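Presented below is the structure to which this report refers.
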Amino acid sequence: MERDYQREFTFSPPQAASTAAEIDWLYYALVGMTVFFTLLICALIVTFMVRYRSTARLNRRIHVSHKRLLMIEIGWMLPPLAIVMGSFFWGAAIFFHQRQEPADPLRIYVVGKQWMWKVQHEGGRREINSLHVPTGRPVVLTMISEDVIHSFYIPAFRTKMDVLPGRYTMQWFEPTQTGTYHLFCAEYCGTDHSKMIGSVVVQTPEQYAQWLESDEEEPAASRGRRLFQQYRCNDCHTQSEDRRGPPLANLLGSQVVLADGRTVTADLKYFRNSIRNPDDQVVAGYQTVMPPYPQITEDEILLIMAYLESDAAGSGSGRAVQGGATDDAAAPDNQPPNQPRNGQSRDPQPGSNNQQQPQEQQQQQGEPPE
Amino acid sequence: MAETVPRNYLNADYSIWSWFLTKDHKRIAILYLISITLFFFVGGAAAVLFRLELMTPKGDLVISENYNKLFTLHGIIMVFFFLIPSIPAVLGNFFLPMMIGARDLAFPKLNLLSWYVFMIGGIISIVAILAGGVDTGWTFYTPYSSTYANSQVLLAAVGAFIAGFSSIMTGLNFIATTHTMRAPGMTWFRLPLFVWAMYATSLIILLGTPVLAIAIVLVGLERFFHLGIFDPALGGDPLLFQHLFWFYSHPAVYIMLIPAQGVVSEIIACFSRKRVFGYAFIAFSSLAIAVLGFLVWGHHMFVSGQSATAGMIFSFLSMFVAVPSAVKVFNWTATLYKGSIHFDTPMLYALGFIGLFTMGGLTGIFLATLAVDVHVHDTYFVVAHFHYIMVGGSVMAYLGGIHYWWPKMTGKRYPESWGRISAILIFVGFNLTFFPQFILGYLGMPRRYHFYADEFQVLNVMSSAGASILGIGYVFPLCYLLWSLRYGRPAGDNPWLATGLEWTTPSPPPTSNFLETPIVREPAYNYPPLGDGEGDTLRQEKIRRRRQGEWHPTQPPREKVTTP
């Protein structure tokens, strides 16, 4: 992987995302301000040191009236105040933009665990310790940790966000420059923290679409289906009339009416919470019979999600869970969250071999303990 | 030898127990001085090891587990057992009562207890290191520290917890002493700025330290009894720990910094032979920083998952810290204007402090600026920034203060040329060590990385090279200060001809500090008007001494001594 910036000495990493240039401008403005004030103070100190050295003979009489002192003190409070306020608003404007979820994003899911990054793309392609993204489209990362706090940091994009256990965090960026860039874990997470690294590969949309299709591993949806059966989800979440749990096909993105009368959007957060704390948000018309499933890993939640989003899960019933509401009423809101892109099919590809599992284990154990 | 040795706090009694059971604030300060010097060199040794390790991108000196233990050890020892007690417990303990004209602190036994508590905390932490070490980083972030780490987390945390009570006792003592034990005529606005700084620091210690104690207890409860407080698997919230931790640990930065600023105010005034410019503004800046310090902890958490709104509020509030900090820097610089400037060792440290603190403070604005912090958070930029504040700031000022008051504390002079050489070495070594880290940080090198990408090597080698100079710079003062105890010339009562009550008593001071209770009739830093330079008493003294064959000012040994 060729990276020019490895060979030449630079003061900033490559600019590979839409906000990078603006952040660099702000940074260089602050650098300029720092250089100016540091030189000013140092120049004053050196000048006074030389001019008023104790051996110099010159007039040192000085009188500053109270009024003048007050003027001086207030006078030199104002420029720093103005500068920091300017810095605040400039930085906050970019930050506000960074924290607003962009329209029509490409959604990618990230799971951090000691000490690796697992990534799941729309449509189910998965990778470890690398992230492929296309240029020209905002990418939203939805991130969660299996264990301790990590931080997903891409210097070339000037963005990072902590990856927490127990809840999803989000960051987004819009890659602009193709190439391979560093991916670091920035939050100290234990022994191999400094090996929790990887590469971010920015490709053209065509290359990315090709890459998504070149997947030779077992599709996420089919692995999700196996998990769905393994955890016996299908015992209750069926289509039959006497089912104990609501059917889950096309759940994500739909509106769900709860037993307490609230209506919530069934996003990934809702989905995860329903697995971890089922009693929190009981769908109207159902009993609180489901036990919590702490043993389902964050990774597996994403796989099950991929299965539920695939057509395979919906083949039995095209309906979303409405929990009392009619299909018609909820239909306009029932937008699938992830539309297939770039000719990418979400169909599971039965028959592909199961490579994912061994590869993960290899990754986990691959680093020889020192 | 017919010479009478004057009775002072050092020779009043030579028995071991006269030291270990002393209630004399000066002796307790010496106990602290010896202890934190040991801790400083333990923490420094860890830094030497990991700076050596970081010469290459691969891990070839220690394994990752030990690398992590080394930086954790460095952080815990340096923060809790060196920086926080450094100026308050040594210089503050020794000079706060003397500066206000008191015989001792308000609660001498509490003061002694604080040293014992400090040592128990320190020894527990050392035991934790010997028993396998700690690898959580000094920040103890949960759930790593509470659930996942296999090292001696709890033992080390208990050490920090106990040491916290020692600072609470010291802070309490300082506040009570400043309120109740000022000499007649020592009004609040006649107090030296060092006392103002210690007062502001003590307020922070009293209000902040209990929160750290609470956070540590909660980590212990979760670790031992699996109470769900921080670990989401148990129903807790890991961010709660970060809020509690930084609620103390951001103000703790000011516990380390404000005393340093107090020392610098004293030194600048003495070696410019002038009253500090804008006395009241510096005094209130200390208080302003102390108060603001409690409102800005969330700027450590911009990318932690804290809400964007909270991030903006904390960013906005953090910006205001720049104002009192700038006021101080401008006032010190203005003090030099039309002063009569001497370049003795303490002054070199103080001038170095101003430059490095300016750099450290200004780079703090980068970190308070949201969009820039998102990029540089948890990178070497942060490491460089806080070392500019804590080492370039606090340690420089601490060493400056040690040199400034060494003649008073020991009655001996240190060799001036060695002092100046070391001060310059430390300044150069410091910048060479930490300036490259700003660039490393912006390039994206995360902190706490044992292995790193190849392109970061050049800057890391520069940093390690600088660290070797810095290390030598720190060993020099240890050697020549120890040497001076035996071979140093007698200092005289007031070798710098400085103002301030601490200089009106013999060196070393008698156990009761003052032979008679001083009465204060003048403002602080009441140096004679300089005029055309003829008002510079220190200059005249230096000339007089040189004519008498002494190259540096000392007063002739006192002939008659009256013991109280």
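Not measured: the values here are computed from a predicted model. A, B, ... follow the sequence lines: proteins, then strands. Residue 1 opens every chain.
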*Please lay out, stage by stage, how M319(B) and F89(A) fare under the test side-chain contact (heavy atoms from CB on, under 4.5 Å).*
CA-CA 11 Å; M319(B) 292 297 180; F89(A) 283 110; over 6 Å; no
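- At a 4.5 Å heavy-atom cutoff, V35(A) makes no contact with chain B through either its backbone or its side chain.
- Here Y141(B) and Y188(A) keep their ring centres 6.0 angstrom or further from each other.
- Closest heavy-atom contact between K338(B) and R61(A): NZ-O, 3.3 Å.
- Both the backbone and the side chain of T55(A) come within contact range of chain B, with heavy atoms under 4.5 Å apart.
- In terms of modelled atom types and a separation under 3.5 Å, the side chain of K195(A) and the main chain of F451(B) share no donor-acceptor contact.
- Between K160(A) and T379(B) there is a side-chain heavy-atom pair separated by less than 4.5 Å.
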*Decide side-chain contact (heavy atoms from CB on, under 4.5 Å) for R158(A) and V374(B); before the verdict, give the C-alpha distance in whole Å, the side-chain angles of both, and the deciding distance to 0.1 Å.*
CA-CA 7 Å; R158(A) 310 288 186 278; V374(B) 168; over 6 Å; no
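- Proximity of P13(A) to Y442(B): side-chain heavy atoms (C-beta onward) are separated by under 4.5 Å at one or more points.
- If you measure heavy-atom distances from R167(A) to chain B, the contacts under 4.5 Å come from the side chain alone.
- When ring centroids are compared, Y153(A) and H375(B) come within the 6.0 Å threshold.
- Taking the six-membered ring where the residue is Trp, Y337(B) and F48(A) present tilted rings, their angle falling between 30° and 60°.
- Residue-environment remark: CG (N150(B)) stays at or below the threshold of 12 foreign heavy atoms within 6.0 Å.
- Contact record, F320(B) with L81(A): CE2-CD1, 3.7 Å, taken as the closest heavy-atom pair.
- Interface residue L58(A): only backbone heavy atoms are found under 4.5 Å from chain B.
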*Apply the test side-chain contact (heavy atoms from CB on, under 4.5 Å) to residues H182(A) and E455(B): give CA-CA distance (whole Å), side-chain angles for both, the deciding distance (0.1 Å), then the verdict.*
CA-CA 11 Å; H182(A) 283 302; E455(B) 69 259 33; 2.7 Å; yes
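- Looking at M196(A), the atoms closer than 4.5 Å to chain B (heavy atoms on both sides) all sit in the backbone: N, CA, C or O.
- Open room surrounds CE on M71(A); 12 or fewer heavy atoms of other groups in view lie less than 6.0 Å from it.
- Between F277(B) and V64(A), the closest side-chain pair of non-hydrogen atoms falls below 4.5 Å.
- Only the side chain of F343(B) comes within contact range of chain A, with heavy atoms under 4.5 Å apart.
- Proximity to chain A is limited to the backbone of T142(B), based on heavy atoms less than 4.5 angstrom apart.
- The OG atom of S272(B) lies 10.0 Å from the CZ atom of R60(A); values are rounded to the nearest 0.5 Å.
- Contacts of C185(A) with chain B are made by both backbone and side-chain atoms, with heavy-atom separations under 4.5 Å.
- Neither the backbone nor the side chain of Q100(A) comes within less than 4.5 Å of any heavy atom in chain B.
- Within 6.0 Å of the CZ atom in F435(B), the count of heavy atoms belonging to other residues, nucleotides or ligands does not exceed 12.
- The two atoms that bring E65(B) and T191(A) nearest to each other are N-CG2, 4.0 Å, heavy atoms only.
- The minimum heavy-atom distance between E146(A) and Y148(B), with the atom names listed, is O-OH, 3.9 Å.
- Contact of P165(A) with chain B is made through backbone and side chain together, with heavy-atom distances under 4.5 Å.
- Of the two parts of F456(B), only the side chain, counted from C-beta on, holds a non-hydrogen atom closer than 4.5 Å to a non-hydrogen atom of chain A.
- Counting heavy-atom pairs closer than 4.5 Å to chain A, the top residue among D237(B), T139(B), V372(B) is V372(B).
- For the pair L370(B)/Q98(A), no side-chain contact is recorded, criterion being any heavy-atom separation below 4.5 Å from C-beta on.
- Neither the backbone nor the side chain of I83(A) comes within contact range of chain B, judged by heavy atoms closer than 4.5 Å.
- Contacts of A368(B) with chain A are absent, with no heavy-atom separation under 4.5 Å from either backbone or side chain.
- Within the 4.5 angstrom heavy-atom criterion, atoms from both the backbone and the side chain of D135(B) approach chain A.
- Looking at P80(A) and F330(B), their side chains come closer than 4.5 Å, going by heavy atoms from C-beta outward.
- The two atoms that bring V148(A) and P143(B) nearest to each other are CA-CG, 4.0 Å, heavy atoms only.
- Contacts of L78(A) with chain B are absent, with no heavy-atom separation under 4.5 Å from either backbone or side chain.
- In this structure, chain A has no heavy atom under 4.5 Å from any part of S146(B).
- With a 4.5 angstrom heavy-atom cutoff, F96(A) touches chain B via backbone and side-chain atoms both.
- Only the side chain of F71(B) has a heavy atom closer than 4.5 Å to any heavy atom of chain A.
- The residue among T358(B), N68(B), L440(B), I354(B) with the most heavy atom pairs within less than 4.5 Å of chain A is N68(B).
- In this structure, chain A has a heavy atom under 4.5 Å from the side chain of F381(B), while its backbone stays farther away.
- With a 4.5 angstrom heavy-atom cutoff, F281(B) touches chain A only via side-chain atoms.
- Residues E73(A) and N331(B) have side chains in contact (heavy-atom distance under 4.5 Å, counting atoms from C-beta outward).
- With a threshold of 4.5 angstrom between heavy atoms, R273(B) does not approach chain A through any atom at all.
- Both the backbone and the side chain of E187(A) come within contact range of chain B, judged by heavy atoms closer than 4.5 Å.
- Heavy atoms of R53(A) lying under 4.5 Å from chain B belong to its backbone as well as its side chain.
- Both the backbone and the side chain of D24(A) come within contact range of chain B, judged by heavy atoms closer than 4.5 Å.
- No side-chain donor-acceptor contact under 3.5 Å links R448(B) to the backbone of H193(A).
- Heavy atoms of Q242(B) lying under 4.5 Å from chain A belong exclusively to its side chain.
- Between the S194(A) side chain and the Y449(B) main chain, no donor and acceptor come within less than 3.5 Å of each other.
- Within the 4.5 angstrom heavy-atom criterion, only side-chain atoms of L459(B), from C-beta onward, approach chain A.
- For L239(B), the part lying under 4.5 angstrom from a heavy atom of chain A is the side chain only.
- Aromatic pair Y27(A)/F366(B): centroids less than 6.0 angstrom apart.
- Note that the CE atom of M359(B) and the CD1 atom of I41(A) stand 13.0 Å from one another [nearest 0.5 Å].
- A pairwise comparison of heavy atoms in I439(B) and T10(A) identifies CG2-O, 4.3 Å as the closest pair.
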